[in-house]
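The model shown is predicted, which means the values in this text are computed figures rather than measured ones.
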Amino acid sequence: KNYHKKKLESAMRSTLNLRGIIFIVFFASSFSTPLIVPTAAPTKSPSATTKSPSSKPNTSKPTSSLTLAPTNAFSNSKSFLSVPGDDVDPASRAIRLTLRASFWHPRKYNVKDQFFDAFAFMAVIFQSPTIAFYPLNVPFAFPSGFLGSSFALQETIKISNDKVIFFDKVIFGATLGPLLSNAISVNGLTGLSSFPQIYSSIGKFEPTSNRVGNTDIAFAARRLTSSISLLQAVTSLSQIPFPISSIVGLNTILPPQKSLTQLIAENRLFMEDFTVFGLIATDAAKGSVVEAPFVLYFIDNSPRLRPLAIRFTINNQQTYSPADPATDWNFAKSVVNSMDIVITGQSHLLSTHFAMNQICIASEMSLASEHPIYNIIKAACQNNYGILNNGIATLINDGGVFEKLLSISANAIRSKIIPFFANNFDWAANYLPAFVAAKGTANIPNFHYYSDSSALFNALFSFSSSILQSYYFNPSLISTDNELAKFIGLLSTPSSDLYLKGFPTIASVTSVSQIASITAQFVWTMAVKHNAMNSNAVPDFYSVYPFSPAKIGFIPPVKGVLTDAAVFKILTFNNVTLFEEFFTSLNSFSYGFATFYTDSARLDAGFNLPGNSYDNSAVTNFRWTLITLSNKITARNNAIKAANIEPVFDLLNPKKLPFNSFV
């Protein structure tokens, strides 16, 4: 620990001495900063100047501890933003756009970039954080060109420095590490029952999922929080790749007088298939085993989602069910949760950081800083290049964080899981209602992620519509917006390096609502979806022992041989002293995801656009909508906490929801 602490402190100090690179990075990034040139306010049509916003501010204001974020310094700058057809100085606008866009280009992840390499080389000279290069097989791009590369490196250095500060403060400091060490000392770490006692004694750091444990309802509820990537309805018995007869006690588990065929007909049978990634035994990290389970769920008569069976496919060919001995069944659920950490982590990495970078780069290449779409997108793009760069360099690299903390090898992540999600990404399917409709999961009760996400998307859509309507006040301004046309063309043209499958074409975008759907879905993905799949989900649901372990060291070839003592040895590497250090660092790392969040990063704080009164009205409406939703979620969660049946789902409470993928 002392060795790593000194290394981190040295890196943190060295970043203060970037004299050689400071000029280049800040000179380059200055081109990406909106250039405000005082001009006369654009003259809108009479109908626009008298037009009221599409939705008026609420006069009945709900009370909440969610206070309004401060307004942006530009809020009183009248009519700074504009679309091309409504700009009073199009020539100056074109020059400013050229000065930035000409120096932004996309590059594939299997191609090195001369500008980035040059800047990174200078960073090495001055002992700045560096990144590893891995030729990833993904159909996405990273910023290139003089400005794109320098801007990406600037964010990379910033995120690297933030991580150094975090590790020093959280893991080696006086935040969580010492609390966990003390909790272990007081409670002891002698068996599976020790873990809940340790977690419950660390106060506000206690994971939400620890309070309900490893019940079947709690296990299934996790599929309805952030882990929805693989969950889908079963439409035919032929989809189940193992003998139904191998499910012990099937008739005692199912609702009375119900067969699997009847459950399928009523859309009450669901599955998760982890075999789609093609994992094999050698894909495990050193000292671990990897598994590819197939899981069945059903909706009982209460109605709640419950697990029905778990089939292993790599370490054995056993089918586990709730009718099996409790130790076997609980262990099987723990293995599923352990693999789910890997899958959800990579699904989030692809659908947010990788895929959304396409939109961030396209906006820099096509939209002037005056464009309202550019300003909405730019807020949500903040730090995404740096986050992704650091993730590639420190998480999925050989010997990196994932290999040390999880059961799967970095090579398997890069060669199998990342390509799977990358090649299956679809912009249209990323729209949540379309996604759950295609998966057949919309009818599942207590699907809080779906209900909260839908409400937040609707709020973002209304906000975007209100903003954009004040600029596209005449329909002709959409058809004549050459910047919008280029932006959409870069993302919808298959031959483009920035192509996103399923992205709408310019011919199909003819109204404000269609444009607002694009901006709303982008912000929803970067802020809402990201936070549910990563960020605060990590300390609350991932790596919570004993039912969601980060690493699995062994899986018996048959059922009926496990005891609680044997499972404890498997989870603790048969070396409690070694495991204590691993456990403390793992949970400190998990909690650290939440420490980057501050009120200044809250969802409503990122979109105080430098525009006119229409913008201010839209922002005000947006804030009160979030307060109302926060109150509703809080009331629901109080009821869930009182019932103590399922884990509290607070990941999408606007009180702690950021406006970008902040970590």
### Task
Would you sort out whether T394 and N390 count as a side-chain hydrogen bond (donor to acceptor under 3.5 Å, both in side chains), showing the intermediate values?
CA-CA 6 Å; T394 63; N390 277 273; 5.4 Å; no
### Task
Take N644 and V212 through the test side chain to side chain contact (heavy atoms under 4.5 Å, CB included) and record every step on the way to the result.
CA-CA 6 Å; N644 201 36; V212 291; 3.4 Å; yes
### Task
Would you mind reporting whether K551 and F582 have side-chain heavy atoms less than 4.5 Å apart?
yes
### Task
Look only at the side chain of T275 and the backbone of A292, and say whether a donor-acceptor pair between them is shorter than 3.5 Å.
no
### Considering all heavy atoms, the nearest K404-G399 contact
CE-O, 3.0 Å
#### Entry: Between N187 and S194, a side-chain donor and acceptor under 3.5 Å
no
### Summary
Exactly one candidate in K333, R306, R304 meets side chain to side chain donor-acceptor pair (under 3.5 Å) with D216; the answer is K333
### Message
Between F354 and F421 (judged by ring centroids, cut-off 6.0 Å), do the two rings come close enough to count as a pair?
### Response
no
### Stepwise side chain to side chain contact (heavy atoms under 4.5 Å, CB included) test for T208 and D650
CA-CA 9 Å; T208 295; D650 204 40; over 6 Å; no
### Query
Under the 3.5 angstrom rule, does the side chain of N337 hit a backbone N or O of F219 as a donor-acceptor pair?
no
### Task
Would you please classify the geometry between the F649 ring and the H448 ring as parallel, tilted or perpendicular, with 30° and 60° separating the classes?
parallel
#### Entry: Side chain proximity check, P139 to N423, heavy atoms < 4.5 angstrom
yes
### Task
Could you verify whether a donor N or O on one side chain and an acceptor N or O on the other, from R636 and N446, lie under 3.5 Å apart?
no
### Task
Please report the C-alpha distance between Y545 and F568 in whole Å, then the side-chain angles of each, then the deciding distance to 0.1 Å, and finally whether the ring pair (Phe, Tyr, Trp, His ring centres under 6.0 Å) criterion is met.
CA-CA 10 Å; Y545 281 72; F568 180 73; 9.8 Å; no
### Query
For H530, does its backbone N or O pair with a side-chain atom of N534 as donor and acceptor, under 3.5 Å?
no
### Message
Strictly distance-based, threshold 3.5 Å: is any side-chain N or O of T584 a donor or acceptor partner for the main-chain N or O of S181?
### Response
no
### Task
For E272 and Q232, indicate whether the former's side chain and the latter's backbone hold a donor-acceptor pair under 3.5 Å.
no
### Query
Between S548 and R222, is any side-chain donor less than 3.5 angstrom from a side-chain acceptor?
yes
### Query
At what distance, to the nearest 0.5 angstrom, does CD1 of I552 lie from CG of L571?
5.5 Å
### Side chains of Q239 and T235, donor plus acceptor under 3.5 Å
yes
### Message
With a 4.5 Å cut-off on side-chain heavy atoms, are Q358 and W427 touching?
### Response
no
### Query
Between V290 and A281, which heavy-atom pair has the shortest distance, and what is it?
CG1-O, 4.0 Å
#### Entry: Backbone N/O of V648 and side chain of N637: donor-acceptor pair under 3.5 Å
no
### Task
Classify the side-chain pair K529/N430 by whether it contains a donor and acceptor separated by less than 3.5 Å.
yes
### Task
Assess whether side chain to side chain contact (heavy atoms under 4.5 Å, CB included) is satisfied between L432 and V528, documenting all intermediate values.
CA-CA 11 Å; L432 187 61; V528 179; over 6 Å; no
### Task
Output yes when a side-chain donor or acceptor of K559 lies under 3.5 Å from a complementary backbone atom of W329, and no otherwise.
no
### Query
Does S407 reach the main-chain N or O of S288 with its side chain, forming a donor-acceptor pair under 3.5 Å?
no
### Task
Could you verify whether a donor N or O on one side chain and an acceptor N or O on the other, from S409 and N411, lie under 3.5 Å apart?
no
### Query
Under 3.5 Å, is there a donor-acceptor pair between the side chain of K416 and the main chain of L279?
no
### Query
Between N384 and N357, does any side-chain donor sit less than 3.5 Å from a side-chain acceptor?
yes
### Query
Do the side chain of Q262 and the main chain of S259 share a donor and acceptor less than 3.5 angstrom apart?
yes
### Query
Are F583 and F195 close enough that their ring centers fall under 6.0 Å?
yes
#### Entry: Side chain to side chain, I413 and I418, heavy atoms closer than 4.5 Å
yes
### Task
On the 0 to 90° scale, with breaks at 30° and 60°, tag the F312-Y320 ring pair as parallel, tilted or perpendicular.
tilted
### For the student: nearest non-hydrogen atoms of F270 and G440, plus distance
CE2-O, 3.4 Å
### Query
Is the ring centre of Y109 less than 6.0 Å from the ring centre of F140?
no
